[in-house]
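The block underneath contains the structure these notes are about, expressed in structure tokens.
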Amino acid sequence: YVYFTAVDGANTLMRFRVSPSDPNRADPTSGSLLLSLHDRQPQYHQAGQLAFGPDGYLYVSTGDEGFTSDAVGNAQNPNALFGKILRLDVDSAEPYSIPPDNPFVGRADARPEVWVLGLRNPWRFSFDHATGDLWIGDVGQNSIEEIDRTSGDQGGLDYGWNRMEGDACYKPAAGCSTAGLVRPIAEYTHALGCSVTGGFVYRGASFPVLRGVYLFADYCSGAIWGL
């Protein structure tokens, strides 16, 4: 499964089969299109992480597609596929089917692919293989980078963008409603970097002191932290 920005700017999800002669090489002639997302706005904040969850479904992150402040409101709109993590069943139908327990199934005002919403540019997320928890590094706007964590089986959650940036009000800048929002478990300001790169919970054996620690970094400063 490959997720990339096509030459026309569309967020593109494709499936390739491995070469019959080399299981580590994809057969370039086998590609099939699963999803193509193209907003009318300028193409920014495209996220781009793919991961199979503990439930076997494919999770796909999408950015809000806005240049600044998500002016068109994609992240808070459940009827838009931008500013979300999507959850797809890629085994049961072509090009994919919707898991029956996705949170917005059956709602006329929402896309059934949506798993969680309220994200700006979650270009790296991961599952903790020991607990199933979902960890998201969401790139901030001007001031705050955030880390979100929830149980991997909790869909329909709203991580706040663009009502909030990190744990602070963004739109409006003060007095925003935080009702129903999932607050980040960690954040840092642009005094320490400019763009969070989400990582993984370490579950290896080589470094016992790090077992259970979530490791992440900042793209600009190169700093690495653990939670």
Side-chain angles (χ1 to χ4, degrees), residues 3-13 35-50 59-88 102-104 107-125 134 136-148 150 155-184 186-198 218-220:
Y3 190 43
F4 61 94
T5 305
V7 291
D8 64 354
N11 290 15
T12 304
L13 175 65
L35 191 63
S36 178
L37 304 178
H38 202 315
D39 201 1
R40 290 172 293 180
Q41 304 299 314
Q43 301 294 294
Y44 299 99
H45 311 158
Q46 294 176 297
Q49 177 74 42
L50 295 179
Y59 291 73
V60 184
S61 68
T62 66
D64 66 10
E65 285 295 319
F67 176 67
T68 182
S69 303
D70 190 17
V72 296
N74 279 327
Q76 286 295 316
N77 178 8
N79 203 31
L81 293 183
F82 297 105
K84 311 291 192 297
I85 291 179
L86 314 179
R87 183 177 184 243
L88 311 176
N102 271 15
F104 297 107
R107 278 182 46 173
D109 63 341
R111 292 289 297 265
E113 294 94 337
V114 173
W115 180 243
V116 297
L117 67 158
L119 296 164
R120 182 177 178 273
N121 193 16
W123 78 290
R124 290 293 178 266
F125 69 88
L134 173 63
I136 307 169
D138 194 18
V139 178
Q141 178 74 42
N142 295 321
S143 302
I144 302 172
E145 307 297 306
E146 71 178 73
I147 300 293
D148 301 299
T150 55
L157 302 179
D158 186 342
Y159 292 100
W161 175 252
N162 63 355
R163 285 159 58 188
M164 303 186 74
E165 181 186 18
D167 209 31
C169 286
Y170 184 83
K171 191 177 183 179
C176 63
S177 172
T178 62
L181 302 184
V182 178
R183 311 289 276 271
E187 63 179 39
Y188 63 93
T189 71
H190 284 191
L192 297 176
C194 79
S195 179
V196 65
T197 302
D218 185 85
Y219 176 79
C220 300

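Between Asp64 and Asn121, the closest side-chain pair of non-hydrogen atoms is not below 4.5 Å.
In this structure a side-chain-to-backbone donor-acceptor pair under 3.5 Å is present from Lys84 to Asn74. Listed for the Trp161 side chain is no donor-acceptor partner under 3.5 Å among the backbone atoms of Leu117. Side chain of Glu145 to backbone of Gly140: a donor-acceptor contact under 3.5 angstrom is found. When atom types are taken as modelled, the side chain of Arg163 and the backbone of Cys176 share no donor-acceptor pair closer than 3.5 angstrom. No donor-acceptor distance shorter than 3.5 angstrom exists from the side chain of Ser61 to the backbone of Ala47, with no hydrogens or angles considered.
To the nearest 0.5 angstrom, Leu119 atom CG is 8.0 Å from Thr62 atom OG1.
In this structure, a donor-acceptor pair under 3.5 Å is absent between the side chains of Gln76 and Asn162.
For the side chain to side chain donor-acceptor pair (under 3.5 Å) with Gln141, the lone residue among Arg120, Glu165, His190 that qualifies is Arg120.
Looking at every heavy atom in both residues, Pro103 comes nearest to Gly155 through CG-C, 3.8 Å. Counting all heavy atoms, side chain and backbone alike, Arg111 lies closest to Asn79 at CG-O, 3.5 Å. Pairing each heavy atom of Glu65 with each of Phe82, the nearest pair is CG-CD2, 2.9 Å. Taking all atoms of both residues into account, the shortest heavy-atom contact from Ala110 to Phe104 is CB-CB, 3.7 Å.
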